[in-house]
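Single-structure report; data block below.
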Amino acid sequence: MWLSTWTDWAIFFVVVNIIHFLATWRLYQKAGRQAWEAAVPVYNAVVLMDIIKRPKWWVVMLFLPIIAPVILLVVWVDFVRCYGKRGIGDALLVIFTLGFYLFYLNYVEKPDYTGPEERKETFISAILFAVILATTVHTYFVQPMIIPTGSMENTLKIGDALFVSKNNYGTRLPMTPVAVPFADLFSRNLYVKQLQLPYLRIPGWESVEKNDIVVFNNPTDVAHPPIDRKENYVKRCVGTPGDVFEIKDKQIFINNVQLTHPNDAILQHSAAITFSTPISEKYLMDQFKINRTDYQVQNIGSGYVYNFSGISQADFDVLSNNPSAVMAEWGSFEEDYKMDGTYPEGYGYNIDWYGPLTIPRKGETIELNLDNLAHYIKIIQQYEDNDLVVRDGKLLLNGVEANEYTFQQNYYFMMGDNRHNSLDSRFMGFIPESYIIGKPFFLWANLNQAFGFEPRSGWQWDRWFTVPNTGNPNKTSYLWVGVLLLVAWFGYDFYRARKRKQNQGKKQ
């Protein structure tokens, strides 16, 4: 069975409700309800919550991807316990038979309804509630992310731990609805491949704008076919739907106007600076936060050439004015970076001279021909699921000759601020709206020292509890606020536990 379209899911929904009716109608009657109530979709879930004495709003969670399978397990266990089956064996039976244990109870044993047992807060129930709450927040509201690479240096650094809002641009519903909660944090393969939802996004309150820092799924990750299982990337949006995008000598132009970046965008490019004497590693690290892995040194006899893989304009100016500096120039790795592999192939683009090309916009119709086909064939075939072939010099779209195409969604151009060390739209092409996850809104820590990200650069406490995407280069750390709230919480928890203990002593 493979469910990937809304028609497939509609059929699946009907089949599930038929199975539910066949497995529970007599048990509904035992609970004082009518048999037909087990057959009406959605309403049968409302009645079920009444039978097991759970809140009616749990019905909503039964239809939420990722959350629904967890809630369903709880409902199954609660349901059989309402008929006297309260042992661990019964719980395991109903779980591992995927609910089909109910057929045995409904037709063979036919137990009487005894009502739900008195529910007490236990360690397991507390853990289960925490998992459900955290999974809901992680799936639909806020997703944590740790930056593993330097493609956004020095705006965002390796090891920066971000909170990403999924609501600003609209929450994208999970496309793999049955998966292990938080699986994407440690493995992208723990999901049911046969159950996949079509793309659907709940409207947000803003659209992706130029200069936004955006988190999205990597389109080139072929190891994980479902969109929401692909690697997470973070880049800056530099082109929006309908823009004519171009890079001229490292500078971005939109509709022939140079793009102005916000003040907190610390752009980096490769550079070569020659010094008459070696420069101290400690000096580069302490003064510029330039790690030893970020440059190579070449002794040319008359001096020492430092090839920096990425350096900001401000650092370049200071180092090139060093008394021992002999020569300084941008683009030390120019030939390495002006390579094949830019998108689309065969147009002679490179990372410093790129375009012009028009970024597709939803609903826009373009002329489609052999001259511009390379720009859009990936969109038409991969992202918008069409069959497009060239036969006898003609373009056949889904078997019909075509000379124009209308885009089904919006697309964006993303680039890393570390311009010569970033796998971005210059190589992977346009980023579809369906691949966008959200917008980073809070940087709560830098953890490269704790988790061994290379290069290690200390704890960098000034980055803790800061806010990206503000346009302000002077980031204020609110770490003291976090520490204060943490102390307040532990103090309150200690007071509450002590008060509870005192009340229990009085009762005794």
Side-chain angles (χ1 to χ4, degrees), residues 149-158 211 235-236 238 245-253 258-342 347-355 415-427 448 453-458 460 473-474:
T149 68
S151 68
M152 285 294 290
E153 296 274 352
N154 269 318
T155 306
L156 296 175
K157 295 179 178 290
I158 294 175
N211 284 317
K235 309 288 181 186
R236 187 180 298 277
V238 292
F245 179 88
E246 188 173 9
I247 303 175
K248 302 176 184 178
D249 193 17
K250 305 181 181 69
Q251 303 302 314
I252 295 174
F253 289 80
Q258 186 171 343
L259 177 65
T260 301
H261 292 289
N263 292 329
D264 61 344
I266 307 175
L267 304 184
Q268 294 191 161
H269 296 86
S270 61
I273 303 178
T274 304
F275 299 92
S276 57
T277 58
I279 300 297
S280 165
E281 290 183 17
K282 187 175 186 303
Y283 168 71
L284 291 174
M285 181 63 201
D286 292 346
Q287 297 298 317
F288 307 99
K289 302 298 183 185
I290 298 176
N291 296 282
R292 183 62 186 88
T293 55
D294 293 333
Y295 61 90
Q296 299 173 354
V297 183
Q298 183 182 6
N299 186 347
I300 59 173
S302 59
Y304 298 84
V305 180
Y306 282 69
N307 292 311
F308 296 96
S309 60
I311 189 173
S312 68
Q313 179 70 57
D315 291 347
F316 178 84
D317 292 341
V318 173
L319 287 169
S320 60
N321 287 312
N322 186 288
S324 64
V326 177
M327 183 174 65
E329 59 182 349
W330 287 108
S332 62
F333 299 143
E334 184 172 335
E335 294 305 318
D336 292 334
Y337 285 107
K338 295 191 174 186
M339 64 179 93
D340 291 334
T342 52
Y347 277 76
Y349 298 161
N350 60 61
I351 63 172
D352 292 334
W353 296 87
Y354 190 96
M415 287 176 60
D417 286 356
N418 194 355
R419 292 295 163 78
H420 285 169
N421 289 275
S422 175
L423 176 61
D424 50 39
S425 287
R426 291 169 294 181
F427 297 95
N448 78 326
F453 292 106
E454 294 295 341
R456 297 194 181 193
S457 54
Q460 302 187 66
N474 300 314

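When reading the values below, keep in mind they use all heavy atoms of this one structure, side chains included, and skip hydrogens, waters and symmetry mates.
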Worksheet item: So how far is it from Q313 CD to S320 OG, rounded to the nearest 0.5 Å?
Response: 8.5 Å
Practice prompt. Begin from the C-alpha positions of T149 and L423 and carry the test side chain to side chain contact (heavy atoms under 4.5 Å, CB included) through to its verdict.
Written response: CA-CA 10 Å; T149 68; L423 176 61; over 6 Å; no
Discussion item. Side chains of L319 and Y283, heavy atoms from C-beta outward: is any pair under 4.5 Å?
Written reply: yes
Worksheet item: How are the rings of W330 and H269 set to each other: parallel, tilted or perpendicular (split at 30° and 60°)?
Response: perpendicular
Fill in: Check: Y354 ring centroid to Y349 ring centroid under 6.0 Å
yes
Worksheet entry | Side-chain donor-acceptor contact under 3.5 Å, N322 with S324 | yes
Item to complete: To the nearest 0.5 Å, tell me how far M152 CE sits from M415 CE.
Response: 10.5 Å
Worksheet item: How would you list, by chain and number, every residue that makes a side-chain hydrogen bond (donor to acceptor under 3.5 Å, both in side chains) with D315, sequence neighbours excluded?
Response: S312
Worksheet item: Distance from D352 atom CG to R426 atom CZ, nearest 0.5 Å?
Response: 7.5 Å
Worksheet item: Can you name the closest pair of heavy atoms from H420 and S309 and give their distance?
Response: CB-O, 4.2 Å
Worksheet entry | Under 3.5 Å donor-acceptor, T155 side chain and I266 backbone | yes
Worksheet, complete the sentence: Rounded to the nearest 0.5 angstrom, the CG-NZ distance for L156 and K235 is 10.5 Å
Worksheet, complete the sentence: Which of F316, Y295, F288 passes ring pair (Phe, Tyr, Trp, His ring centres under 6.0 Å) with F308? Answer is Y295
Worksheet entry | Check: G150 main-chain N/O paired with N418 side-chain donor or acceptor under 3.5 Å | yes
Practice prompt. Test V297 against R292 for side chain to side chain contact (heavy atoms under 4.5 Å, CB included), laying out the working first.
Written response: CA-CA 10 Å; V297 183; R292 183 62 186 88; 4.0 Å; yes
Response to the item:
In this structure, CG of D294 is separated from CG of N154 (nearest 0.5 Å) by 8.0 Å
Worksheet, complete the sentence: d(Q268 CD, S151 OG) to nearest 0.5 Å is 10.5 Å
Fill in: Non-hydrogen atoms of F427 and I351 that approach each other most closely
CZ-CG2, 3.4 Å
Fill in: Donor-acceptor pair, side chain of N211 and main chain of T260, under 3.5 angstrom
yes
Response to the item:
On a heavy-atom basis, the closest approach of V305 and A272 is CG1-CB, 4.3 Å
Worksheet item: Which atom names give the shortest non-hydrogen contact between P262 and R236, and what distance separates them?
Response: CG-NH1, 3.6 Å
Fill in: Verdict with supporting geometry, L284 and Y306, side chain to side chain contact (heavy atoms under 4.5 Å, CB included)
CA-CA 11 Å; L284 291 174; Y306 282 69; 4.3 Å; yes
Discussion item. Ignoring hydrogens, what is the shortest heavy-atom contact between G416 and D424? Give both atom names and the distance.
Written reply: N-OD2, 3.2 Å
Worksheet item: Any side-chain heavy atom of I273 sitting closer than 4.5 Å to one from M327?
Response: no
Worksheet item: Given the rule in the side chain to side chain contact (heavy atoms under 4.5 Å, CB included) test, do W353 and I247 qualify, once you have shown the distances and angles that lead to the verdict?
Response: CA-CA 5 Å; W353 296 87; I247 303 175; over 6 Å; no
Worksheet item: Between I158 and E153, what is the shortest heavy-atom contact and its length?
Response: N-OE2, 2.8 Å
